[in-house]
Amino acid sequence: MRRIIVGLAAAWLAVAASPLAQPRTRVVMLGTGTPNADPDRYGPSVAVVVDEASYLVDFGVGVVRRAAAAERSGIKALAATRLTTAFATHLHSDHTLGLADLILTPWILERPTPLRLYGPRGLRAMTNHLIAAYDDDLRIRTRGGEPTHGHDPRRVDVHEIAPGIVFRDDRVTVTAFAVKHGAWEQAFGYRFQTPDRTIVISGDTGPASGLADQCRRCDVLVHEVYSGAGFAKRPAEWQAYHSRYHTSARELGAIAARAQPELLVLYHQLIWSSTEDELLKEVRSVYPGKVVSAHDLDVY
Ligand SMILES: [Zn+2]
Ligand SMILES: [Zn+2]
């Protein structure tokens, strides 16, 4: 009898230690910030990690350093040389300040392939302008004595997309959908279907973007949010702006109540004079499901 129990315990340990015990898909919050210069929150960037591959949504300031921190904590897919594929929600600076970093730093560290980028109209021009801005750097690095790199850093595979399936490989299908973000002509959210999970990321959006229909009981809904209590103390002209461009905690609670995600993750939190606890309370006042307020480097 004792031998059977020991055998079962060994089998259980083997299962627990095997990679199969972990989900294949993880969501890593590289940056949860906004345009505000909060030292604890880097620019918005979310990594969907499937096995040894990573897919970034947005590349705010500090993206490659935050990915390196996640790698150091054990997520190998976020090594700089594996940052090969990224999706932009829109071209606001807080979401794109890390683009030069994402093009250049992994290349210097010998990323074997050119970066692949997907996003709205204007992404190609932004990429070309950044490459032009670093012309002297690229000339010195490629012809000034650094050991030869695998490819020309001026080559970035940019895809300006329309809503629909925009990417597919053997791990993931990525669907872009249009969201309403104030005066932006094009802004996207993304839905990732992987072998074991469905992840939906809102990007920046007002409340009327159909996120509930995109999620439909998805595993993780990552959504931007602002605090109603903080908003109430903002000047009228800023209130007019925020309510057009972003989603309040109560509005998000109502969206989540229809979407019914397994887990709702708040990011890009505009809290102002309020607190994170108050923000969560506002969401929970209309949404009984599981909700967390993300910090940089949280993993779900
Ligand atoms: Zn933003
Ligand atoms: Zn924005």
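For ligands, and for the atoms within them, numbers begin at 1 and follow the listed sequence. Below, each value reflects all heavy atoms present in this structure, side chains not excepted, and no hydrogens, waters or symmetry copies.
Within Asp204, the N, O or S atom lying nearest to the Zn ion (ligand 2) carries the name OD2. As for His268, its N/O/S atom nearest the Zn ion (ligand 1) is the one called NE2. Of all N, O or S atoms in His92, the one lying closest to the Zn ion (ligand 2) is ND1.
A ring-ring contact (aromatic ring centres under 6.0 Å, His included) with Tyr118 is found for exactly one of Phe59, Tyr55, Phe167, namely Phe167. When Val220, Asp219, Ile199, Thr198 are each tested for a side chain to side chain contact (heavy atoms under 4.5 Å, CB included) with Phe192, only one passes: Ile199.
Residue side and main chain included, His95 places no N/O/S atom under 2.8 Å of the Zn ion (ligand 2). Backbone or side-chain N, O or S atoms of Asp94 do not reach the Zn ion (ligand 2) at under 2.8 Å.
Ring centroids of His181 and His246 are separated by less than 6.0 Å, placing the two rings close together.
In this structure, NE2 of His181 and NE2 of His90 enclose an angle of 100° at the Zn ion (ligand 2), rounded to 10°.
Looking at Asp40 and His295, their side chains never bring a donor and an acceptor atom within 3.5 Å of each other. In summary, the side chains of Asp277 and Thr275 do not present any donor paired with an acceptor at a separation below 3.5 Å, with no hydrogens or angles considered.
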